[in-house]
Amino acid sequence: MKKLIGLLVICVLVLSACSSKSNDTADNGNSSGGNGGDKASKITVWAWDPNFNIKAMNLAKDAYAAKDPNLTVDIIENAQNDIVQKLNTGMSSGTTKGLPNIVLIEDYRAQSFLQAYPDMFYDLSGSIKAEDFADYKLGPTSVDGKHYGVPFDSGVAGLYVRTDYLEQAGYKISDLQDITWDQYIEIGKKVKAATGKDWISLDPNDLGVIRMMIQSAGLWYLDADGKTPNIANNAAMKEAFEVYKKLMGANIVKTHSDWSSLVANYNTGAVASIPTGNWFTPSITAEASQSGKWAIAPMPKLAKTPNSVHATSIGGSSWYVLNVPGKEKAAAFLKDTFGSDVDLYQKFVTDVGAIGTYKPAASGEAFSAANEFFGGQKIVSDFANWTTKIPNVNYGLHTYAIEDILIVEIQNFLNGKPLDDVLKDAQSQADAQVK
Amino acid sequence: MSKARASMNIKARTSAISWSFIALAVLLICAFYFYPMVKALMLSFQTGTGTNLHYVGGDNYARLFKDKTFLTALKNTFIFLIVQVPIMILLALFISVLLNDSKLKLKGFFRTAIFLPAVTSLVAYSVIFKYLFGNDGLINTALLKLHLIGAPIQWITDPFWAKITIIIAITWRWTGYNMIFYLSALQNIDNSIYEAARIDGASAFRQFRQITVPLLKPIILFTSITSTIGTLQLFDEVMNITKGGPGNATTTLSQYIYNLSFKYTPDFGYAATVSYGVVILIVIFSILQFRLAGDRNG
């Protein structure tokens, strides 16, 4: 009897511990964050990255203070994962208390939020002129022709290279203007032979480099409908996997497992190049002693896949207004700042290094300024130029779910499993996962 | 007649009073334990993204058995369980016996030192372990300097070593916690039993095997059940040290639940199904351990 009671007690404890895990979703969300929106004269903003997004938002706040001095803009910094989690818990619980008025969401995740919580976002079609923004940003930010987001960080990618290491191997930055990924690897081998430095730093748990490769060919993990996994018959994915294996086998890769070790690999001069988004610029320039030693080349392209271009994007993000009290004020704020203020965009470039996707701003002065850190290269105008060429893809609902499957399968591929089997297995797992 | 009525009244009144005492607790437990449990069970029969849920019957449970990620998470959890729990239990037992030695000096210091990990924050210690075991971390640097290894061990980025790192981390965190249970139980064992054994010529090992272990059996059972449950719910360490990687070499069930709810497009229904899978496993394991430990102690 005693035994039975003991067992029962344990069961109850365990049950409650477990069920709380899934039910947290219903209870948590309200505990933290601003109490956005109960007073119309105050709006709350959630964003991540104090050196980039938060800084840009602060500039927007200052610019808007001239137009509406009565509006208080409360900017709260959260890690991106925390924002995702808080939004999920808050929105699924059905209470809007504690949610912000404006929130930054990564483009890869945007559709999953917009479609999972259709009533929670405020339609901004009337506040922004969609055609003023880069084409590829509108896919993630709109549903059924309605625009819910104000596109911001372009996420446009380039190839950051140490020119001093390149020269030791007998190359110039001009040799990197029109290369394929295969050539990129060959150059890397020569640089390693000449300098002993690794060519690229990769995290085996992050397939950002694969994402950049396939988007450069206008393809994605998912079909254009944003729902059907497109892996087994995806020509770009196939070539990207082959390139990845070649890269890994060339003995030119240093691995990292988190952001700080990634940045350290470059700031210490241990690694010579990184293909990544323009938001990496502040991390490169943080090491002042390397001034003049860096340059940015266009992205390499896939050699065999048709339509692959020297432009792609990674991890861009956009602003969204939540359907909570104060939404009109929030929409008006975004309309007059990120939605139309050309001067503000010049400030983003000069003060933050952030390149928006607002087309009318690209002709501004700040966009054509030379950057001494990058040897006088006009990096902003280069990035802005590449931005216009980024192929439009639908990131859809399941980017991260599929990426987790691919991370496992790509390891199998590196360990010798045939490529066709790898992609077929990934396809069938993805089909089961996203149905 | 009236006397009987009066006694009934008294009975009713006493029972009403006793009910009123426990009513609040019952209500709170129902609201915060049983209601969420039932709700989660219902949720586990639904699927969909975010708030657009619809009932699918047993489909979610059928999906569990075909879900490769779930099966890998299950396998990882079992590896942690089978390797880590026995190591930790034995280590805790061993240390507690050492610390219980009446001739030991600085007992308080050692006890505190070994128990201290158990009061550190899970996230804080995980982050520290992540840096200790990083590619250029302290452990690798030390091993390299001592010429014990030729090249840095990929503690976090290699599937095998990542598992070892997690096992080392949770063993460090939880051994002291279990040790305290053994220590308090050891202090309840009458010293004269050992004295008698020594007079009869029993060796230290024999004393340990035939006196200490049998007398500690209820506590060993308790700690192994709580450790099993803890391991099945392993989350913080894996999330912070390896993020479940490389690939999904260290993903655990709890982390998969998190991913389904927060990392991917949220599917709370299927996430609830996975958590009920964990419940079922824990119940099975607890029954098994009770059985294995025999019927007398329960």
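Lettering of chains follows the sequences in order, A, B, ..., and the numbering in each one begins at 1.
- Here the straight-line distance linking atom CG of D258(A) with atom CD1 of I241(B) works out to 12.0 Å at 0.5 Å rounding.
- Heavy atoms only, all atoms of each residue included: T157(B) and H256(A) are closest at CG2-O, 4.5 Å.
- For N135(B), the part sitting under 4.5 Å from any heavy atom of chain A is the side chain, from C-beta outward, and nothing else.
- Under the 3.5 Å distance criterion, the side-chain polar atoms of R63(B) are matched with a main-chain donor or acceptor of Q433(A).
- No more than 12 heavy-atom neighbours from other residues, nucleotides or ligands sit within 6.0 angstrom of NZ on K424(A).
- Neither the backbone nor the side chain of F222(B) comes within contact range of chain A; no heavy atom of the residue lies under 4.5 Å from a heavy atom of that chain.
- Along residues 406-417 of chain A, the residues that come nearer than 4.5 angstrom to chain B, judged on non-hydrogen atoms, are I407(A), V408(A), E409(A) in order of number.
- Note: K68(B) NZ to S428(A) OG = 6.5 Å, rounded to the nearest 0.5 Å.
- Proximity to chain A is limited to the side chain of L260(B), based on heavy atoms less than 4.5 angstrom apart.
- Between K263(B) and D404(A) there is a salt bridge, since a side-chain N of the basic residue sits under 4.0 Å from a carboxylate O of the acidic one.
- In this structure, Y264(B) and S112(A) have side chains that are not in contact, with every pair of non-hydrogen atoms separated by 4.5 Å or more.
- If you check the side chains of Q85(A) and Y258(B), you find a donor sitting under 3.5 Å from an acceptor.
- The minimum heavy-atom distance linking N88(A) with S261(B) is given by the pair ND2-O, 3.5 Å.
- Between chain B and the residues K254(A), Q429(A), M91(A), the most heavy-atom pairs under 4.5 angstrom are made by Q429(A).
- With sequence neighbours excluded, no residue forms a side-chain hydrogen bond (donor to acceptor under 3.5 Å, both in side chains) with S227(B).
- Among the candidates F113(A), Y108(A), Y117(A), the residue making the largest number of heavy-atom pairs closer than 4.5 Å to chain B is Y117(A).
- Residues forming a side-chain hydrogen bond (donor to acceptor under 3.5 Å, both in side chains) with W155(B) (at least two apart in sequence, or on another chain): N140(B).
- Within the 4.5 Å cutoff, the side chain of K243(B) has no heavy atoms near those of the D206(A) side chain.
- No part of M120(A) comes within reach of chain B, as not one of its non-hydrogen atoms sits under 4.5 angstrom from that chain.
- Scanning for side-chain hydrogen bond (donor to acceptor under 3.5 Å, both in side chains) contacts around T242(B) gives T250(B), with sequence neighbours left out.
- Contacts between S260(A) and chain B at a heavy-atom distance below 4.5 Å involve the side chain alone, from C-beta outward.
- With a 6.0 Å radius and a threshold of 12 heavy atoms from other residues, nucleotides or ligands, D144(A) has its CG atom at or below the threshold.
- Crowding of K227(A) atom NZ: a count of heavy atoms from other residues, nucleotides or ligands under 6.0 Å not exceeding 12.
- Summarising the geometry, atom CD1 belonging to I156(B) is positioned 10.0 Å from atom OG1 belonging to T255(A); distances are rounded to the nearest 0.5 Å.
- Of the atoms belonging to Q115(A), it is backbone heavy atoms, and not side-chain ones, that fall under 4.5 Å from chain B.
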